[in-house]
Amino acid sequence: MSAESRTVVVVGSGAGGASVAVTLAESGVDVVVLEEGSRVDRRAYGGTAPAALAAFYRHRGMTPIIGRAPVGFVEGCCIGGSTEINSGFWHRAPPQVLSTWAAERALEGIGADDLAPHYEWAEEACEVAVWSRALPSSTEALVRGATALGHRPEIVARAAARCVGTNTCAQGCPTGAKRGMSASLLPRAEALGARVLSDSRVARIVLDGRRAVAVEVRRDGAGAGACIERIAAGAVFVCGGALQTPVLLQASGLRRGIGNSLGIHPMLRVVARFPARIDAHSSVLPLAQVRDLDPDIVLGGAYLSPGHLAVMLADNWRENRAWMSSIGHLAAYYAGVMPKGWGSVRPDRLDRTRARARYDLDDDDLARLRAGFLRLCEILFAAGAVALRPCVHGVGELRDAGEARRWVSHDAPVSAMSLTTVHAFGSCPMDGRPGRGALDGDGRVHGLDNVHVADASALPGSPGVNPQATIMAVARRCAIRYVERIG
Amino acid sequence: MTTRDATIPGARPEDGGSRLLRAIVETLLSDAPVAPAPALRRVATDEAAAFVAAQLRALAPGLRWRLAAGLAGFRIYVRLVAGRAFERLPEDARRRLVDRWSYGAATAPRQLFRLLRSLTLLAYFESEAVRAVLARDTSIPAIPVSPPSGPR
């Protein structure tokens, strides 16, 4: 530890940063958390989508991933990060995924049994539970259709045990039932002495040989204008997410293995119309998922509000707009795919503080996406849907499974699809082999003694599921190993 | 307002965005299936125009330039085929031109208007006035109070 500072700087306050902060604070480490976004007033939680975009989202949600087709991507930029605006879905990474990571990346202590206590810790902190009341109609529909076709849909646990279904997950949970980091771990870290500073963007990590000695922070204080501060650091944990973490490391002069392996889970959505009211817009989003079709395909439900419905119908608005008046009969679902390829993250050429992310779906990814989408359509028709409207330009109403099959076999170009994702990961992967990946098995940047990464970017590959649980488990593991090392 | 902001479309908050952008938003909403009373519709349209301008300003610089180029192309195209500025055309003519770019075979114009339409519709259908109409007509819950528009 350097003579000048024993403070550990944690960059970012989302799932990874909050897990690191509380773990270190519990061990008596002096911690300061620097969050680029603001501390959003609780009264602003649960507002309209436009207000939420301004308050919670990085660059107001205008952060597409560029490629053969732009993929809409959003992430949080506020105290609590993306945990404030996600759905709270909770999955442990499948054991076979973890064993593959361990084998291919020479990682120790990352198997299902190794991570189990960390998952349990995170699940307790986030009050993870399965919905225990009557299933919402939009969930029932997916379960009904999937079961009819021989699948075994699962009701996914969420970090929202006391959810009352306000249907505002994407705008911040107004009741606090969803245990985002601002409601769960960060207050605990602050109670243990950690300082959590908002409006503080770390522009650069100052290195001296193999060690970080400080971070340069741009602080946007209310009414005081922006100022640059240098904060001395005994160690740095970078937890800015899969896009911002590589940009910060690159801005700090680090290159090797950084930003070359971005992974995403692209999704194609569809709006389904049912003969009876389903009221998806006024209940929690569909809680069921179908995962037994293919290990790399997931079918599930999407968030629906009047504004989001209009966006999903916008590809073919002339034909689709009349559906707005039937919102009570509509629900939204998606087919997602776990691609095999990798994208990249670099600083934007014209604004070096922003990430420029690129991802190109290859033909195999597209084939699996189409296969998943077709099965989703078949499931929804089996559930009683009378018509579907996919988010694909030029594809009108699908009235039966045969029409869906004809569209899929027609091979609509990817440029016609409105793809979205909320999962990005793997841009600074851990790899136990010297000279491979960006980080060692403890999450330390290769070649440095005290710079760590503990967020989605550190994951060695796709977790195959919503990554929040694995981010928290791996981050806690990295923080514990740090504490063990410094004694 | 910084110099950089002034180079992008919709950069003048005093009029809710550039006149072209405002006219496009009005055109995109001219066939909206849910419409409140005229005064409230105007408020919803104003909110949508301001929202679209703010969202476009939040794009990365390279994407903003591409957007500006696309809108400049649209402006020139309209001049060539209609002989007048888009803002001075009657509503039917505006809608035909917007539809031609929105639903044509060329990918870039379609993606430009996909973006503008998505932002416009998101703001419009999330506005209190429109949600009130939806609530009346479809029993969806209206927003009970106006939440603060931003942090703090």
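Each chain gets a letter, A, B and so on, in the order its sequence line appears, and its residues count up from 1. Hydrogens, waters and symmetry mates play no part in the numbers below; they use all other heavy atoms, side chains included.
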Whatever's closer than 4.5 Å to a heavy atom in chain B on Arg318(A) counts as both

Under 4.5 Å to a heavy atom of chain B? For Asp348(A) that would be side chain

In terms of heavy-atom pairs under 4.5 Å with chain B, the winner among Leu53(A), Ile66(A), Leu313(A) is Leu53(A)

- Between Thr48(A) and Glu126(B), is any side-chain donor less than 3.5 angstrom from a side-chain acceptor? no

### Message
Distance to the ring centre below 6.0 angstrom and angle to the axis at most 45 degrees; does that hold for Arg94(B) and Phe86(B)?
### Response
yes

When the 4.5 angstrom heavy-atom criterion is applied to Pro413(A) and chain B, the contacting part is neither

Side chains of Arg68(A) and Tyr359(A) only: does a donor on one sit below 3.5 Å from an acceptor on the other? no

The interface call for Arg321(A) against chain B, heavy-atom contacts under 4.5 Å, is both

Short side-chain donor-acceptor distance under 3.5 Å, Tyr303(A) and Gln171(A):
yes

If one checks every heavy atom of Ser102(B) against chain A at 4.5 Å, the contacting part turns out to be backbone

Okay, Ala416(A) and chain B: the region with an atom under 4.5 Å from a heavy atom over there is both

Ranked by heavy-atom pairs below 4.5 Å to chain B, first place among Arg354(A), His59(A), Met312(A) goes to Arg354(A)

TODO: In sequence, state the C-alpha distance, the side-chain angles, and the governing distance for Phe74(B) and Phe113(B), and then conclude on ring-ring contact (aromatic ring centres under 6.0 Å, His included).
DONE: CA-CA 10 Å; Phe74(B) 181 67; Phe113(B) 273 87; 5.0 Å; yes

message: Can you confirm whether or not the ring centre of Phe274(A) sits under 6.0 Å from the ring centre of His329(A)?
response: no

Worksheet item: Relative to Trp323(A), does Arg273(A) satisfy both conditions: NZ or CZ under 6.0 angstrom from the six-membered ring centre, and within 45 degrees of the ring's axis?
Response: yes

**Message:** Just by distance, no angles: are the side chains of Ser200(A) and Glu36(A) close enough, under 3.5 Å, to form a donor-acceptor pair?
**Reply:** no

Applying a strict 4.5 Å limit to non-hydrogen atoms, the region of Gln111(B) in contact with chain A is side chain

Ranking Pro70(A), Gly37(A), Ala69(A) by heavy-atom pairs under 4.5 Å to chain B gives rank one to Pro70(A)

When the 4.5 angstrom heavy-atom criterion is applied to Asn167(A) and chain B, the contacting part is neither

